[in-house]
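Please read the structure below before turning to the comments.
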Protein chains: 2
Amino acid sequence: MALCKKGNNSRRQTAKTMARQKKTKSQQRADRIYGEIRDRICLLDYVPGDRLSEEELAEEFGISRTPLRSVLARLESEGLVKSRHGVGTFVTKTNFEELEEVYKLRIELAEIAGRLDPITKSEAGLNRIRAMIVRAGDLVEQPDQKAFARLSLDHFFEMAGIIGNAHLRDITIRMQLLTTRNWLTILPERHLQAEIRRFRSEIRELLQAMEVGDYQSVGHIWRSHISMSYHRLKAYAGETGT
Amino acid sequence: MALCKKGNNSRRQTAKTMARQKKTKSQQRADRIYGEIRDRICLLDYVPGDRLSEEELAEEFGISRTPLRSVLARLESEGLVKSRHGVGTFVTKTNFEELEEVYKLRIELAEIAGRLDPITKSEAGLNRIRAMIVRAGDLVEQPDQKAFARLSLDHFFEMAGIIGNAHLRDITIRMQLLTTRNWLTILPERHLQAEIRRFRSEIRELLQAMEVGDYQSVGHIWRSHISMSYHRLKAYAGETGT
DNA sequence: TGAAGCTTTGTTGTACACAACATGGCAAAA
DNA sequence: TTTTGCCATGTTGTGTACAACAAAGCTTCA
């Protein structure tokens, strides 16, 4: 289950720890566990409706229920799980209305992100994105839903790194994490390859804007991608009948 | 210390509980305590730098440290307090850079709020705002910083109620709460009356736009008020030398 | 006198036992 | 057979003792 997500997590951590350097060991451990469970939810290792056992998770991570519960509380505040007294803690199912709200908001936030003090990507950052294009190319040859999901998330965090406004970045991340799993759930298998191809062309387009340092355009392009992906999502939802 | 804030709290609760009806008694209690402490921080009953004793607060609210700690964790996630192991939990001091970031974001959010599915105020809602204009009028005659702060917060929550997009509303509230106490701290006493007067004219302006149902204009007006208040804040900060 | 190390004190973080709660199953009565 | 009430079981929420930790004061030695 856990597999090789360590690399991904640590990479994402760096983007987060930039803001606040002072992290005690307890907080680092909590952050690690939080990221792990969050990824499991977003990458559909835990499906909406699944119950997360506090006791089992506490045992798995070698801690007691108390600190684990604070991790779950954080996930609950972000809307990824919902605890019910005497029943259990469950991965949330987002209804269509909320999904639409989140998408509408994400569309607006993307445009703002390009305007509000964007952080210019270093050459190393650009290279990381170029490497993702290669990864996407491999996935076009050999489509795999989970690998695509992980690549997509990695690229998103790379994008979030350009947002200089700390709060806007946090909000953008939270909204993204709320929609990821829904996108994966609804995306039909037979459209997977086409989606990966489209994803590759999208991150190429974004890369080009970043290469010339035009971050306002990055914001607009990003916005258009989110908007179009939402329209496709609706179309897919109509296809499958949900 | 607690005084007559019950009315304010409950009124704010109604705006919150609209979204999710299912609230267990524990959650309601936690929400109440959270709101109480949050107000104390925002209205400067607790000044930045103050230590919040878990034990004392737990005793005051008649609960043990465990549920109180989850309330403090929530406040910490919103950036209002910061816990340090073995030292204490302290009300945060926002530096100028972060304050500027938050204001820039609030300016953008206000404009979006007017566009993204705003909720038309009922006649009762408009009447509540009209009552606030009266309260503001009284305060012009007899300026009082804390009363002004409370009125300002009440009006803000009334404004937040027009935001139909649930996540956007939450974010807007969080950003507002981060700036309130800074505004109060920096505002010089001798400009208080002028500020109250300006506040009254602002909420009148907003009311007019709401009365004709033009909520996009409400967003633009709100945006301009936030922007101008930020500029005055900077001017005041220059005056007092901070 | 000064400084380093130890001790004391008070605080937040953790572990664990128990309370509160919801749910499903079972039995008994209509 | 159906329904109603009760109980058993398992889960989240709470209280409490203790561990981890930091800071201030004290002591002791140079």
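Below, chains carry the letters A, B, ... as their sequence lines are ordered, and counting in each starts from 1. Values below: all heavy atoms of this structure, side chains included; hydrogens, waters and symmetry mates excluded.
We find the CZ-SG distance between Arg150(B) and Cys42(B) to be 11.5 Å, quoted to the nearest 0.5 Å. For the atom pair Arg51(B) CZ and Ser83(B) OG, the distance stands at 10.5 Å (nearest 0.5 Å).
For Pro118(A) against Ala113(A), the heavy-atom pair with the smallest separation is CB-O, 4.1 Å.
Note on Arg190(A) versus Glu239(A): salt bridge recorded, some NZ/NE/NH1/NH2 to OD/OE distance being below 4.0 Å. Taking the charged nitrogens against the carboxylate oxygens, Glu55(B) and Arg65(B) have no contact shorter than 4.0 Å, which rules out a salt bridge. Glu36(B) has a carboxylate O that lies under 4.0 Å from a charged side-chain N of Arg40(B), or vice versa, which qualifies the two as a salt bridge.
Side-chain contact between Thr92(A) and Arg181(A) is present, with heavy atoms from C-beta onward closer than 4.5 Å. Looking at Phe61(B) and Val71(B), their side chains never come closer than 4.5 Å, going by heavy atoms from C-beta outward. Residues Met175(B) and Thr179(B) form no side-chain contact, since every pair of their non-hydrogen atoms from C-beta on lies 4.5 Å or further apart. Contact annotation: the side chain of Arg232(A) approaches that of Trp183(A) to within less than 4.5 Å [non-hydrogen atoms, C-beta and beyond].
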Practice task
Heavy atoms under 4.0 Å is the rule here; annotate nucleotides 9-16 of chain C 5' to 3' with B where the base is hit, S where only the sugar-phosphate is, and - elsewhere.
Solution key: -BBBBBBB

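Comparing the end axes of the helix from dT1(C)-dA30(D) to dA30(C)-dT1(D), each fitted to five base pairs by superposing C1' atoms of four pairs onto the next four, gives an inter-axis angle of 10° (nearest 10 degrees).
Where DNA chain D meets chain A (any atom under 4.0 Å from a heavy atom), the bounding nucleotides read 5' to 3' are dG10(D) to dT14(D).
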